[in-house]
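Predicted, not measured: the structure shown is a model, and the values here were computed from it. We use all heavy atoms of the structure for the numbers below, so side chains are in, but hydrogens, waters and symmetry mates are not.
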Amino acid sequence: MLAVGSQVPTAGLGGGRRGYLHELTDQQASFRDIVKSVHTVRAASQIPSALAAAWGSALEAPRGPVWVEIPQDVLLEPAGVPPVGALAATLAPRPLVPRPELVTEAVRLLENAERPVILAGGGVVRAGAQAGLRALAESLDAPVATTFGGKGAFPWEHRLSLRSWLEDRHTTDFLADADVLLVVGSGLGELSTNYGTCAPRGRLVQIEADLGKLESNHPALGIHADARLALDALASAVGPRPRGGAGRAAAALLDRVRQRIDAQGLELEQRVLRAVRDALPDAAPSFWDMTILGYWAWSAFDPREGAMHSAQGAGGLGYGFPAALGAAAADRTVPVLAVSGDGGAMYSLAELATARQYDLSVTWLIVDDGGYGILREYMTDAFGQATGTELARPDFTALAESFGVPAVRTTPDRLREDLSAALAAPGPSVVVLPALLRMFAPTHTSEG
């Protein structure tokens, strides 16, 4: 994504003059931590080069958003340069190819491994590397777990799939016990390592396009490369091995996880998540706020052909609905689902006007539990009581209808039917589910 914004006149850049409307002391710094690169234009003649540099930065692995700022006086002055052409169509970013000697060493390690396991992160999805990952996993007969950001990187129902139960100790131990753990497109951060408790005991091979994340948390054979190019290189070089016990090991792990979850009396939560999955068309994308149902989805939701997006790790309350609107505007051929709690929904209520104004086919599921449910759980578990978690909130159905957005109040028993109907109808809609959901108990230590 390339965003173009204005800036104070050039005389005020760097705080040279004070008192401009919309002035920031350092606007570049305000954006630098949330975009991949910032580009400042100081004259109209610089615009073509700045846009070309920005597009090149955005498209080169790891891909990401970029920011171009053009001062007010530059925007208002006559432009003596020809119109800029279709830069995005003509730019060919330099491919981030894996070094061949590193590929050779990774192949040696993987072929000699007795218990190879793969952990696939969001870089696999962003690179479109799913086919190479599957080919490599099947050649190695290696089980595959996906991080929360990597959901959709590997088929959920595949015999080698470990799914995404990264907050479960059984999965943590399984990954740590691999004699070679191949990590692709993940920096092995806090959430991907069960809060830092996953310590690989074997050799680690890490493929990562973001150089800053390569070996940042664990020593490894680090391969700085685009995930698709690296996985394709490995898959073409690794010799296929006969099927062993990897499929049975994956199934046994999932069975242990299932038994632990089922022992916690969480049938309602699993039923609600199944209803959402059943109602959502296979190719439809979904966007999840930081809410208890979203935390469940990280581990237990199968995105199928659609993509699952969440504000994981940043505490991004209010993310789900606006992000879903962007997806619906980009592709009007499929419905889009947004999921929020009542607390997260309060951050984004004004976007109901946007949804209605542009007639965007987004269904907003709001799970109303009276406050910040996950914080309520954390505080109660840690201190015996919660503080500041209960919220005054509107009647969400009446509020949506005041914007001209159809809304329905549902129950867990009617959720699949009501959500299916809302997703099938054109334009925006809201489904409100009053429910007090609980989070499954994660395990960060080696108890059962």
Side-chain angles (χ1 to χ4, degrees), residues 113-121 124 133 137 140-184 186 188-205 217-218 243-267 269-270 273-274 277 292-303 308 310 312-313 374 377-378 381 437-448:
E114 295 181 3
R115 301 181 310 281
V117 180
I118 301 173
L119 178 63
V124 174
L133 173 63
L140 290 171
D141 197 38
V144 179
T146 59
T147 69
F148 303 148
K151 294 179 73 69
F154 196 73
W156 192 256
E157 299 293 344
H158 194 284
R159 69 179 187 87
L160 294 172
S161 175
L162 302 175
R163 303 187 179 176
S164 300
W165 289 100
L166 298 187
E167 288 188 276
D168 186 278
R169 193 69 214 174
H170 299 307
T171 303
T172 303
D173 289 341
F174 192 95
L175 295 173
D177 192 49
D179 57 350
V180 176
L181 178 62
L182 173 63
V183 179
V184 191
S186 170
L188 290 176
E190 186 177 42
L191 293 178
S192 301
T193 58
N194 199 358
Y195 300 90
T197 64
C198 182
R201 292 184 286 272
R203 289 297 304 272
L204 184 65
V205 178
N217 291 304
H218 294 277
R243 283 193 184 186
R248 293 191 299 275
L253 170 65
L254 293 178
D255 188 57
R256 290 195 297 274
V257 173
R258 191 176 301 111
Q259 290 179 32
R260 192 179 74 84
I261 297 297
D262 289 346
Q264 297 179 32
L266 298 167
E267 196 279 334
E269 290 75 10
Q270 296 180 73
L273 196 63
R274 280 196 302 270
R277 178 59 277 173
I292 287 179
L293 192 60
Y295 280 70
W296 270 94
W298 284 358
S299 295
F301 190 77
D302 175 9
M308 177 185 163
S310 71
Q312 55 156 323
I374 192 67
E377 279 207 10
Y378 287 163
D381 289 347
L437 304 181
R438 295 188 299 125
M439 189 60 193
F440 61 85
T443 54
H444 308 317
T445 57
S446 57
E447 85 270 7

Between [X] and [Y], is there a donor-acceptor pair closer than 3.5 Å when you use the side chain of the first and the backbone of the second?
{"X": "R438", "Y": "G265", "result": "yes"}
{"X": "R169", "Y": "N194", "result": "no"}
{"X": "E269", "Y": "L437", "result": "no"}
{"X": "K151", "Y": "P303", "result": "no"}

Rounded distance (nearest 0.5 Å) linking atom [atom1] of [X] with atom [atom2] of [Y]:
{"X": "L133", "Y": "L160", "atom1": "CG", "atom2": "CG", "result": "10.0 Å"}
{"X": "M439", "Y": "E167", "atom1": "CE", "atom2": "CD", "result": "5.5 Å"}
{"X": "D141", "Y": "R115", "atom1": "CG", "atom2": "CZ", "result": "14.0 Å"}
{"X": "T146", "Y": "M308", "atom1": "OG1", "atom2": "CE", "result": "10.0 Å"}
{"X": "L181", "Y": "F174", "atom1": "CG", "atom2": "CZ", "result": "10.5 Å"}
{"X": "R256", "Y": "R260", "atom1": "CZ", "atom2": "CZ", "result": "12.0 Å"}

How about CZ on R159, more than 12 heavy atoms from neighbouring residues, nucleotides or ligands closer than 6.0 Å, or not? yes
Please name the pair of heavy atoms, one in [X] and one in [Y], separated by the smallest distance, quoted to 0.1 Å.
{"X": "W156", "Y": "S299", "value": "CH2-O, 3.3 Å"}
{"X": "L273", "Y": "A300", "value": "CD2-CB, 3.7 Å"}
{"X": "T147", "Y": "L166", "value": "CA-CD1, 3.5 Å"}
{"X": "F154", "Y": "A137", "value": "CE1-CB, 3.9 Å"}
{"X": "A153", "Y": "A120", "value": "CB-CB, 4.0 Å"}
{"X": "L119", "Y": "S192", "value": "CD2-O, 4.3 Å"}

For the pair W298 and F148, name the ring-plane relationship: parallel under 30°, tilted 30 to 60°, perpendicular over 60°.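 W298 and F148: parallel rings.
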Quick one, [X] and [Y] - any side-chain contact, counting heavy atoms below 4.5 Å?
{"X": "H218", "Y": "V183", "result": "no"}
{"X": "S164", "Y": "F301", "result": "no"}
{"X": "H158", "Y": "V144", "result": "no"}
{"X": "V117", "Y": "D177", "result": "no"}

Would you tabulate the side-chain donor-acceptor contacts of residues 246-255 under 3.5 Å, counting partners in other chains and residues two or more places apart, or write 'none'?
| from | atom 1 | to | atom 2 | distance (Å) |
| --- | --- | --- | --- | --- |
| D255 | OD2 | Q259 | NE2 | 2.7 |

Sorted by chain and number, sequence neighbours left out, side-chain hydrogen bond (donor to acceptor under 3.5 Å, both in side chains) with E114 holds for none
Worksheet item: Got a salt bridge between E157 and R163, using NZ or NE/NH1/NH2 to carboxylate O under 4.0 Å?
Response: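 A salt bridge links E157 with R163.
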